[in-house]
2 protein chains.
Amino acid sequence: MTTHDPSGPAAGPETRGRAIPPASVARLTIYLRALNSLLAEGVERVSSEELAEAAGVKSAMLRKDLSYLGSYGTRGVGYEVQLLTRTIAARLGLTQEWRVAIVGAGNLGRALAGYSGFTTRGFEVAAIFDADPAVIGSEVGGLKVSAVMDLEKVLARTGVNMVVLAVPARSAQELCDELVAAGVRSILSFAPVVLQVPPGVEVRKVDMATELQILAYHAQRAQESEQSSQSRARSAR
Amino acid sequence: MTTHDPSGPAAGPETRGRAIPPASVARLTIYLRALNSLLAEGVERVSSEELAEAAGVKSAMLRKDLSYLGSYGTRGVGYEVQLLTRTIAARLGLTQEWRVAIVGAGNLGRALAGYSGFTTRGFEVAAIFDADPAVIGSEVGGLKVSAVMDLEKVLARTGVNMVVLAVPARSAQELCDELVAAGVRSILSFAPVVLQVPPGVEVRKVDMATELQILAYHAQRAQESEQSSQSRARSAR
DNA sequence: ATGTGTGAATCGATTCACAGCA
DNA sequence: TGCTGTGAATCGATTCACACAT
C-alpha cells in the first residue's frame, strides 16, 4: 500500500527509537486528536479506558500503542493529557513545520487549499500548481497558482517537503515522476491509480471510489442476509 | 475502524458466499480498476503475475484474493479479463446502482459533487444537503441543495442508500445520528472525528490530516537516519 | 511447460490476563 | 486499591512452495 523502508539502507543502530508498528502510528494520530479535545476542555488526566473510548478502540490496545513511545503513564492514576499530547506529537514528527504543495488546482485541489484542517496543525500550504495556462497565475486560497513546468524551481524556493497530488488519474504517474525527480519524498495522492515510486519515497493514497465500493460490498451482504432471513421466515410459516 | 457484523444476527448458513477478508475486499477494488484499464486496451487475458504487478502486490496474494471468489482462472493460462471483471464487480455489489447523497455543500462537498469518479462506476449522486440557508436552494453539480431539516423526506424521495458526510468536525456526530435515524446504513465520512454508530451501520473514514501525519512520521524517521549516518561518516574519518 | 489454487509456514496485529507500581 | 505496562495467547493477513489442471 505504501512504500516503506523496513530498516533502510542508512538506518543503523543509532536511529532514535524503535520503529512503531504501522497500525499503531495510524491510531496515534487519532489519540492525538482526542487529546487535543481534552486539552481544550481543560481536562488534565485521562485513563486508558476513557481515551480508548473516545478513540473507538479497546483500552488494552491503546496501552500497547502508547507503550511503543515509552512509559508516560502513572499506574493507578492514568496519563497527564499535556505530557501525552506532546510526547505523541514529537514522536509523529509534528514539532517541526511541514511545508505542503498542492499539485492540481481543479475542484479538489481548490477545496483542499481552502481546507482549514491542513493549516490547523503544523501543515502549511506553501504552493499550488496546475498545468492549465488558464488557471496559472490566478489566486486560490491566498496563493498564486504556479505552473507545473516550474515545479522544481518553486518547490525549492518555497521549501516544500510534502506534496498533495490532486490531479486526474491519467496524469498522476507522470507528475509523480516529476515530483520524485524534484526531490519530493512524501506524497499524498488522491488519484485513483497505483503509483510506482522508487524506494525511499513514501506514497499514501486517499481513494474515495475504493471506499464507496467497500461500503457497497457490505451493504450488499446486509441486503442478502436480510432477504435470506425473510425467505426463511416465509417458508417457516 | 469500521463497524462490521462478523456473522450478523440475521446471517445464517443461507448467506450467499463466505465473507471475504476485509484486506482482500480493499484490494479487489484495485484489481477491478486495473482490469478496467486492460479491458479498455482490448487485452483479453492476464496472468496473476501481470495483474499483480499493475496492482502493486505480490502474485501469490492476488491469487489468494481471487480464490475467495471461487475458481475463475485457467491453470497454465491465466484469467479472462472480461469474466474476472464481471465476477469481481458482482461480488462487490457493483451490479446494482447505488444512490449517494452528499451532506455538506462547503468546499469539499461541492468538489465531491463535481467529481466524475463517483458517477463513473455505479454511484449516482442523487441529493446534496446543507444547513446554511444561504446555500440551500442554490445549484451544485446540477442538483439543487436541500435543507438538512428535510433529510429524511428527501432521502426517501430520492432513494438514497449511501451517504458521503462532508461537514465540519463539530457537526459530524449530530448529522451522523440523524442519518442513522433516517435509515442510512452506509456512511463515508470526511470529518476528522470518530463517529459513534449503532451496530449494523457501516462507517468508513477518509482522513487527510491523519494521512499527512503518517507521512510526517516516516519523513522524520528518514531525516533522523540520514543525520545519524552523516554523523557516523564524520566521526569515521 | 506453464501458471493457477491452496495447504502449511510465517509474520504482524489484537486481545487476554496479570504482575508490578503508585 | 486502581490502573498501567507487558508477556503470552490468539487471531488474521501475507508469503512460500508445490500439487494439479490444461
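Just so we're on the same page: letters track the sequence lines, and every chain starts at 1.
Atom P of nucleotide dC16(C) and atom CG of Leu62(A) are separated by 15 Å, given to the nearest angstrom. At whole-Å resolution of the value, CG in Leu69(B) and P in dT6(C) are 12 Å apart. With rounding to whole Å, Glu50(B) atom CD is found 13 Å from dT2(C) atom C1'. A straight line from CD of Glu80(B) to C1' of dT4(C) spans 15 Å, rounded to a whole angstrom. Whole-Å rounding puts the Leu84(B) CG to dG3(C) C1' distance at 15 Å. Computed from coordinates, the Leu51(B) CG to dT4(C) P distance equals 10 Å when rounded to whole Å. Going from atom CD1 of Ile20(A) over to atom C1' of dG12(C) covers 16 Å, rounded to whole Å.
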Expected list for residues 92-104 of chain B: side-chain donor-acceptor pairs under 3.5 angstrom, two or more places apart:
unit_1, atom_1, unit_2, atom_2, d
Gln96(B), OE1, Gln223(A), NE2, 3.3
Gln96(B), NE2, Gln223(A), OE1, 3.2
Trp98(B), NE1, Gly93(B), O, 2.7
Arg99(B), NE, Thr158(B), O, 2.6
Arg99(B), NH2, Thr158(B), O, 3.3

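Evaluated for a side chain to side chain contact (heavy atoms under 4.5 Å, CB included) with Arg33(B), the options Ile30(B), Asn36(B), Leu35(B) yield exactly one hit, Ile30(B).
Contact annotation: the side chain of Tyr217(A) never approaches that of Thr29(B) to less than 4.5 Å [non-hydrogen atoms, C-beta and beyond]. Counting only heavy atoms from C-beta outward, the side chains of Gln173(A) and Asp177(A) approach each other to under 4.5 Å.
Residue Arg27(B) places at least one side-chain N or O closer than 4.0 Å to OP1 or OP2 of dT14(D).
Under 3.5 Å, the side chains of Tyr115(B) and Asn107(A) contain no donor-acceptor pair of N or O atoms.
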### Query
Which nucleotides of nucleotides 3-11 of chain D have their base under 4.0 Å from a protein heavy atom (B), which only their sugar-phosphate (S), and which neither (-), written as one string 5' to 3'?
BBBBBB---
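Across every non-hydrogen atom of Val197(B) and Cys176(B), the tightest pair is CG1-SG, 3.5 Å.
Listed candidates were dT14(C), dA13(D), dT15(D). Nearest to the side chain of Pro21(B) is dA13(D).
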